[in-house]
K.L.:
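Okay, handing you the structure first.
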2 protein chains.
Amino acid sequence: MDSLVRALKALADPIRLRIVEFLRHPQRSCCAREGVVCACDLEEYLGLTQPTISHHMKILVDAGLVQAAKHGRWVYYDLNRQAFASVVGALGHYQTGQLATRQADSATHQDHGGL
Amino acid sequence: MDSLVRALKALADPIRLRIVEFLRHPQRSCCAREGVVCACDLEEYLGLTQPTISHHMKILVDAGLVQAAKHGRWVYYDLNRQAFASVVGALGHYQTGQLATRQADSATHQDHGGL
DNA sequence: TAGACAGATAGACATTAATCGATCTTAGAG
DNA sequence: CTCTAAGATCGATTAATGTCTATCTGTCTA
């Protein structure tokens with residue numbers, strides 16, 4: 001699957017958007033270090049079961065949007081800002097461009113195929 | 001549903017990404033006007049049936065990413081660049097920010113709950 | 001008004017995706 | 001080595017999604 005589609009699919013879910021928002025602004029941490037998030041933090045924050053969290057994190061990691069670093073028994077997650085930049089760059093093409101002249105009218109439109 | 005999630009869901013599909021790309025660069029047109037795209041153009045371009053095109057266009061329009069203008073029997077579609085700008089703005093938060101100091105190590109990590 | 005055509009809607013079907021309980025794997029503690 | 005805990009994987013279930021055929025609605029034309 002195209003990497004852009006994969007990234008967009010990964011982001012097109014309210015749970016996973018909450019996850020990336022949490023990764024940007026960790027609100028609690030069982031891990032005694034600022035800016036570090038482990039899966040258990042998300043489990044508590046989201047109120048979902050551990051397999052479900054694991055499922056969502058796999059999707060985000062496979063999409064390249066989140067990096068996972070295993071330390072002993074824990075896995076620390078962090079945003080991959082470069083991947084977000086790629087998505088923003090791809091979608092940015094659609095926010096600018098020729099300011100289309102919106103003055104089409106049906107007078108210019110013949111039947112298709114002409115029959 | 002949150003408008004950002006709705007927009008991302010709308011974009012998280014290869015067919016719909018092809019549609020918005022087509023709207024940006026129309027490659028043919030049964031409508032005799034540059035920069036104008038009607039549903040029949042997409043039907044030919046994508047090789048899908050008319051109801052399927054209609055379905056995808058409804059999703060894109062409902063998400064605000066595409067504007068539909070009905071002219072007689074035809075519907076002309078155009079990108080809503082402002083909506084794309086909103087998505088880009090929202091995702092842009094994740095491509096920049098504190099350059100997290102990635103030096104966490106398990107030595108700082110006690111068992112959860114402390115028992 | 002009747003026919004033709006663009007597009008929307010309805011219903012059916014197949015595929016994908018989200019979620020959970022149960023289990024497995026792996027790593028630190030004792 | 002054994003126990004415990006974090007996280008991954010498996011299997012099942014349910015919900016959401018994409019696609020089609022058939023049909024309906026609205027508009028233009030003769």
Side-chain angles (χ1 to χ4, degrees), chain A residues 1 5-6 8-19 29-32 36-63 66-77 104-115, chain B residues 1 5-6 8-19 29-32 36-44 46-63 66 68-77 104-115:
Chain A
M1 182 167 48
V5 173
R6 193 194 305 266
L8 289 169
K9 275 185 185 291
L11 291 171
D13 180 278
I15 298 293
R16 292 194 289 270
L17 273 185
R18 289 185 65 199
I19 290 174
S29 181
C30 68
C31 315
V36 172
V37 170
C38 67
C40 47
D41 293 324
L42 291 162
E43 192 173 336
E44 177 183 1
Y45 175 64
L46 297 170
L48 295 173
T49 64
Q50 178 267 321
T52 300
I53 304 291
S54 182
H55 166 74
H56 284 300
M57 297 316 293
K58 177 172 169 49
I59 289 173
L60 287 168
V61 170
D62 286 351
V66 168
Q67 291 166 326
K70 187 168 184 179
H71 284 249
R73 276 180 287 180
W74 293 274
V75 177
Y76 296 113
Y77 295 106
D105 63 278
S106 58
T108 66
H109 195 156
Q110 280 81 39
D111 276 1
H112 304 156
L115 62 133
Chain B
M1 181 167 48
V5 172
R6 193 193 306 266
L8 290 170
K9 276 184 184 291
L11 292 171
D13 180 277
I15 298 293
R16 293 194 289 272
L17 274 186
R18 289 185 66 198
I19 290 173
S29 181
C30 68
C31 314
V36 172
V37 170
C38 67
C40 47
D41 293 324
L42 291 161
E43 193 172 336
E44 177 183 0
L46 298 170
L48 295 172
T49 64
Q50 178 268 320
T52 300
I53 303 292
S54 182
H55 166 73
H56 284 301
M57 296 316 294
K58 177 171 166 51
I59 290 173
L60 287 168
V61 169
D62 286 352
V66 169
K70 187 168 185 180
H71 285 249
R73 277 179 287 178
W74 293 274
V75 178
Y76 296 112
Y77 295 105
D105 63 280
S106 58
T108 66
H109 195 155
Q110 279 81 39
D111 276 1
H112 306 154
L115 61 132

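Convention: sequence-line order gives letters A, B, ...; per-chain numbering from 1.
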K.L.:
Which pair of heavy atoms, one from A/Met57 and one from A/Val66, lies closest together, and at what distance?
P.N.:
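The answer is CE-CG1, 4.1 Å.
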K.L.:
Under 3.5 Å, which N/O atoms of the protein pair with N/O atoms of nucleotides 19-24 of chain C?
P.N.:
unit_1 : atom_1 : unit_2  : atom_2 : d
C/dT19 : OP2    : A/His56 : NE2    : 2.3
C/dC20 : OP2    : A/Thr49 : N      : 3.4
C/dC20 : OP2    : A/Thr49 : OG1    : 3.0
C/dC20 : OP2    : A/Thr52 : OG1    : 2.8

K.L.:
Taking only side-chain nitrogens and oxygens of B/Lys70, does any of them come within less than 4.0 Å of OP1 or OP2 of C/dA6?
P.N.:
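No.
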K.L.:
Can a side chain N or O of A/Arg73 be found less than 4.0 Å away from OP1 or OP2 on D/dT4?
P.N.:
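Looking at the OP1 and OP2 atoms of D/dT4, neither is under 4.0 Å from any side-chain N or O of A/Arg73.
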K.L.:
Is the phosphate of C/dA8, meaning OP1 or OP2, less than 4.0 Å from a side-chain N or O of B/Ser54?
P.N.:
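For C/dA8, OP1/OP2 do have a side-chain N/O of B/Ser54 under 4.0 Å.
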K.L.:
Separation of B/Asp62 atom CG from C/dT9 atom C1', in whole Å?
P.N.:
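After rounding, the gap between these two atoms is 14 Å.
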K.L.:
Would you kindly give the CG-to-P distance between A/Leu8 and D/dT17, to the nearest whole Å?
P.N.:
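To the nearest whole Å, that distance equals 15 Å.
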K.L.:
Can you tell me how far C1' of C/dG7 sits from CD of B/Glu43, to the nearest Å?
P.N.:
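Nearest whole value for this atom pair: 9 Å.
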K.L.:
Would you kindly give the CZ-to-C1' distance between A/Arg18 and C/dA18, to the nearest whole Å?
P.N.:
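Those two atoms, CZ and C1', are 15 Å apart.
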K.L.:
Counting any heavy atom closer than 4.0 Å, what does B/Ile53 reach on the DNA or RNA strands: base, sugar-phosphate only, or nothing?
P.N.:
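Since no nucleic acid heavy atom lies under 4.0 Å of B/Ile53, the category is nothing.
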K.L.:
In whole angstroms, how far is the C1' atom of C/dT9 from the NZ atom of B/Lys58?
P.N.:
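Interatomic distance, NZ of B/Lys58 to C1' of C/dT9: 10 Å.
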K.L.:
Counting C-beta onward and ignoring hydrogens, is there a side-chain heavy-atom pair between B/Ser54 and B/Gln50 closer than 4.5 Å?
P.N.:
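They are in contact (side-chain heavy atoms under 4.5 Å apart), so the answer is yes.
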K.L.:
Rounded to whole Å, please give me the gap between CG in A/Leu60 and C1' in D/dG7.
P.N.:
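Rounding to the nearest Å, CG of A/Leu60 and C1' of D/dG7 are 16 Å apart.
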K.L.:
Provide the closest heavy-atom pair for A/Asp62 versus A/Arg6 in the form atom of the first, atom of the second, distance.
P.N.:
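Residues A/Asp62 and A/Arg6, closest heavy atoms: O-CD, 3.5 Å.
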K.L.:
Would you mind writing out the side-chain donor-acceptor pairs for residues 8-17 of chain A within the sub-3.5 Å range, not counting sequence neighbours?
P.N.:
unit_1  : atom_1 : unit_2  : atom_2 : d
A/Lys9  : NZ     : B/Ala12 : O      : 3.3
A/Asp13 : OD1    : A/Ile15 : N      : 2.8
A/Asp13 : OD1    : A/Arg16 : N      : 3.1
A/Arg16 : NE     : A/Ala10 : O      : 2.6
A/Arg16 : NH1    : A/His56 : ND1    : 3.0
A/Arg16 : NH2    : A/Lys9  : O      : 3.1

K.L.:
Base, sugar-phosphate or nothing for A/Leu46? Non-hydrogen atoms, less than 4.0 Å.
P.N.:
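Nothing: the residue A/Leu46, judged by heavy atoms under 4.0 Å, touches no strand.
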K.L.:
How long is the straight-line distance from OG1 of A/Thr52 back to CG of A/Leu42, given to the nearest 0.5 Å?
P.N.:
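So the CG of A/Leu42 and the OG1 of A/Thr52 are separated by 12.5 Å.
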K.L.:
B/Ala68 and B/Val75: which non-hydrogen atoms are nearest, and at how many Å?
P.N.:
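Heavy-atom minimum between the residues: CB-CG1, 3.8 Å.
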K.L.:
How do B/Ala39 and A/Lys9 order along DNA chain C: which one's closest nucleotide is nearer the 5' end?
P.N.:
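Here B/Ala39 is the residue nearer the 5' end.
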K.L.:
Separation of A/Asp41 atom CG from D/dA6 atom C1', in whole Å?
P.N.:
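After rounding, the reported distance stands at 12 Å.
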K.L.:
Considering non-hydrogen atoms only, spot the tightest contact between A/Cys38 and A/Tyr77 and give its length.
P.N.:
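Scanning both residues, the minimum pair turns out to be C-CD1, 4.4 Å.
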K.L.:
Starting from P on D/dA6, measure out to OH on A/Tyr76 and report it in whole angstrom.
P.N.:
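For the pair A/Tyr76 OH and D/dA6 P, the rounded distance is 12 Å.
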